[in-house]
Each structure stands twice: as structure tokens, then as C-alpha cells.
Amino acid sequence: MPELPEVETTCRGIEPHLAGTRVHHVTVRQKQLRWPVPGALAREIAGAQIRQVTRRAKYLLIGTSQGTLIIHLGMSGSLRIVDDSEAPGKHDHIDLHFGDSRLLRYTDPRRFGAWLWCTQPVEQHPLLAALGPEPLGDSFHGDYLFHQSRGRKLAIKSFIMDSHILAGVGNIYANEALFRAGIHPLRAAGRISRARHAVLADAIRDVLEAAIHQGGTTLRDFLNSEGKPGYFRQSLEVYGRTSDPCPRCGTPIREIRSGQRSTFYCPRCQR
DNA sequence: AGAGGTACCTGGCAGC
DNA sequence: TGCTGCCAGGTACCTC
């Protein structure tokens with residue numbers, strides 16, 4: 001469920017609770033996530049002072065005095081601040097205790113997420129080192145997309161979802177950005193003009209910022225760190241709207257598969 | 001090197 | 001009602 005706006009929403013939601021506090025201990029009830037939760041984590045994070053909570057792509061980075069906790073929410077993960085009197089549910093796999101009555105609780109039914117521990121400079125971690133630029137950062141712009149895409153025959157939708165090209169653009173927002181930019185999702189990335197790449201880069205930035213502003217998109221069950229849903233769903237123009245009229249021209253929205261992912265577009269507006 | 005497919009895991013839902 | 005099969009927001013890794 002969580003794409004970049006949902007991770008950013010989570011990051012902003014938990015940061016005020018975490019920054020400056022000390023980790024007391026960690027309870028791991030289920031260590032079998034995407035990768036096993038490292039045994040060193042519980043041992044080495046105990047007593048650490050939390051310095052800041054940041055985000056890189058869809059990874060949450062909890063910087064401490066003793067190392068960086070890397071958290072990925074996968075497809076169904078969420079983090080909440082809860083009181084320790086609240087009994088853990090079936091999918092509440094990890095608790096980060098702060099020594100008072102509060103804790104950070106990680107819930108993840110599908111267990112596609114990750115909790116990793118890094119004592120090196122975190123930007124050198126193998127999962128982060130090869131990532132493309134942040135779509136909301138200064139180094140991302142149309143010319144970057146244009147140059148990266150020369151000679152590539154890959155569908156533009158798969159191209160912008162490749163984390164080595166661009167970090168953190170998932171299926172929902174790839175669909176929405178391509179609609180806003182008027183680009184057909186199957187068009188070869190290398191056969192899109194410089195001008196249209198500029199429009200696309202702006203569209204990606206705009207749709208992500210709008211989603212963050214509305215607290216992310218809740219499809220089935222995404223809840224932010226306060227347990228509330230996001231409200232961007234009602235702003236989705238093509239995602240999940242098969243056969244609905246295109247908001248711009250009225251033509252029925254079409255659904256196809258691209259790279260094994262559901263792909264939605266307006267056959268008239270997107271070329 | 002690039003492109004496409006597979007795997008991880010569970011829950012929800014459509015269809016029978 | 002109950003079963004089966006399919007689908008899902010991610011992404012590293014495998015093969016061709």
C-alpha cells in the first residue's frame with residue numbers, strides 16, 4: 001500500500017515523537033519479513049539516542065547515536081505510536097520501546113517490509129547506494145529523464161518506476177503522472193521528446209506533492225501514524241477507474257497490464 | 001546491457 | 001455459506 005507520499009506522511013507523523021528520545025528496547029515477535037530482522041538490531045539499538053527520522057525513496061531512516069534503523073513498509077506495512085497497554089494484534093510484528101508508556105508499533109500483514117540495521121554511513125548501504133534521485137529533490141528534472149531514457153525501448157511507465165532511474169515512484173502515482181502529462185504508458189521511454197519529459201517530470205512532482213498534502217492515498221487499509229486514512233484517493237484521475245469517463249475528455253478509461261502491473265490510461269488524451 | 005519474469009506472504013473479493 | 005482462484009500499493013534477483 002505505501003508509496004512515497006504514504007512513507008513521507010508516516011515519516012512526518014512519527015518524527016516529533018521519536019527525535020531526541022532514547023530507545024529502551026525492541027520486541028520482535030516475527031522476524032521473518034522480506035529479509036530476516038538481524039539479530040544484532042535488538043542488541044545494538046538498545047540505549048541509542050534517536051537523532052532524526054528521514055526518508056530516502058520508500059525507506060524510512062531512523063538515525064541514532066549507534067547506527068541507522070532502515071525500515072521499509074513493503075506493500076502492507078504501517079507504523080503507529082501506541083500506548084503499551086494496547087495488546088499487539090496478529091500482524092503487529094515489532095515494537096520499539098522508549099522507556100515510558102509509548103512505543104512505535106510496526107504492523108505488516110503481508111510481511112513484504114523490512115527492518116534492517118546499518119552501522120556504516122547509511123547512504124552507502126547496498127539498498128540505497130544505487131537509487132536514482134528523489135523525485136521531489138533538486139537534481140530531478142526533465143533533462144535528467146530525457147538523458148537517462150535515450151536508447152531505451154522500455155515502456156515509459158516501467159521506466160519511471162525503476163528505482164535506479166527515479167526513487168520511490170510506484171504504480172498509483174506512475175499512472176496518475178502519465179495521465180497528467182498526456183503520455184501513453186506503453187510509449188518507449190527513448191522516443192519521448194525533451195519537452196514532453198519536462199512535462200512528465202513536473203507531473204510526477206506535482207502529483208506526489210498533492211498526495212502528501214492530502215495525507216497519502218488510502219486504498220484498502222492504509223492508515224497513517226495517527227491511525228487515520230489518507231484522502232488522496234478521491235483525487236485519483238485514472239487509477240482504479242476502469243471504464244469511468246476521463247475527467248478531461250469523457251472517453252472511458254482503459255485498463256491494461258504493463259510489466260505485470262495494472263495500468264490505467266485515457267486512450268484519447270494519452271499518446 | 002536491457003527486458004521480462006519470479007519470488008516473497010497474507011487478506012479480500014469475485015465467481016461459482 | 002463455502003470453496004477456489006485471482007489480485008494487490010514493492011522491489012531484488014533471476015534468466016533470456
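The basis for the numbers below is simple: all heavy atoms, side chains too, and nothing from hydrogens, waters or symmetry mates. A, B, ... follow the sequence lines: proteins, then strands. Residue 1 opens every chain.
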Contact under 4.0 Å: [X] side-chain N or O vs [N] OP1/OP2:
X: A:Ser163; N: C:dA12; answer: yes
X: A:Tyr239; N: C:dG9; answer: yes
X: A:Arg261; N: C:dG10; answer: yes
X: A:Arg34; N: C:dA12; answer: no
X: A:Tyr173; N: C:dG10; answer: no
X: A:His72; N: C:dT11; answer: yes

Gap in Å between the two P atoms, one belonging to C:dC6 and one to B:dT6, rounded: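 My reading of the P atoms in C:dC6 and B:dT6 gives 14 Å.
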
Considering only the P atoms, how many Å lie between B:dG5 and C:dC7, rounded to the nearest integer?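 Their P atoms lie roughly 14 Å apart.
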
Ring geometry between A:His184 and A:Tyr265 (parallel below 30°, tilted from 30 to 60°, perpendicular above 60°): tilted

Nucleotide-level pairing of DNA chain B, given in dot-bracket where Watson-Crick and G-U pairs need both distances under 3.5 Å and | marks other strands: .|||||||.|||||||

Verify, without hydrogens or angle tests, whether A:Gln270 (side chain) and A:Ile183 (backbone) share a donor-acceptor contact under 3.5 angstrom.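 Here the side-chain-to-backbone pair exists.
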
Value in whole Å for how far the [atom2] atom of [N] lies from [atom1] of [X]:
X: A:Leu73; N: B:dC9; atom1: CG; atom2: P; result: 19 Å
X: A:Leu186; N: B:dG4; atom1: CG; atom2: P; result: 10 Å
X: A:Tyr59; N: C:dG10; atom1: OH; atom2: C1'; result: 9 Å
X: A:Met161; N: C:dA12; atom1: CE; atom2: C1'; result: 14 Å
X: A:Asn175; N: C:dG10; atom1: CG; atom2: P; result: 10 Å
X: A:Lys157; N: C:dG10; atom1: NZ; atom2: C1'; result: 13 Å
X: A:Ile256; N: C:dC7; atom1: CD1; atom2: C1'; result: 17 Å
X: A:Phe159; N: B:dA1; atom1: CZ; atom2: C1'; result: 14 Å

Closest listed nucleotide, where the reference is the side chain of [X] and the choices are [options]:
X: A:His91; options: B:dG5, C:dG10, B:dG11; result: B:dG11
X: A:Lys153; options: C:dA12, B:dA3, C:dG10; result: B:dA3
X: A:Lys90; options: C:dG10, B:dA3, B:dG11; result: B:dG11
X: A:Phe112; options: B:dA3, B:dC8, B:dT10; result: B:dC8
X: A:Arg111; options: B:dT10, C:dG9, C:dA12; result: B:dT10
X: A:Arg152; options: B:dA3, C:dG10, C:dA12; result: B:dA3

Closest to the 5' end of DNA chain B, once A:Leu33 and A:Ala155 are matched to their nearest nucleotides, is A:Ala155

DNA chain B: A:Leu154 or A:Gln260, which has the more 5' nearest nucleotide? A:Leu154

Qualifying residue for side chain to side chain donor-acceptor pair (under 3.5 Å) with A:Asn171, from A:Lys157, A:Glu176, A:Glu3: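 Going through the options one by one, the only one that passes is A:Lys157.
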
Residue whose closest nucleotide on DNA chain C lies nearer the 5' end, A:Arg110 versus A:Leu131: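 In this pair, the answer is A:Arg110.
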
Return the set of residues passing side chain to side chain donor-acceptor pair (under 3.5 Å) with A:Arg102 (not counting sequence neighbours), or none when no residue passes.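 So A:Arg102 forms a side chain to side chain donor-acceptor pair (under 3.5 Å) with A:Asp100.
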
Any salt bridge linking A:Arg29 with A:Asp95? Criterion: basic side-chain nitrogen under 4.0 Å from a carboxylate oxygen. yes

Donor + acceptor pair across side chains of A:Asn175, A:Tyr173 (<3.5 Å):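 The criterion, which ignores hydrogens and geometry beyond distance, is not satisfied for A:Tyr173 and A:Asn175.
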
4.5 Å side-chain heavy-atom contact, A:Ser139 and A:Tyr144: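 No, their side chains stay 4.5 Å or more apart.
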
Is there side-chain contact between A:Thr27 and A:Leu96, with heavy atoms separated by less than 4.5 Å?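 Answer no - side chains too far apart.
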
Would you please test A:Arg55 and A:Glu15 for salt bridge (charged side-chain N to carboxylate O under 4.0 Å, His left out) and show each step? CA-CA 11 Å; A:Arg55 176 188 62 73; A:Glu15 202 269 346; over 6 Å; no

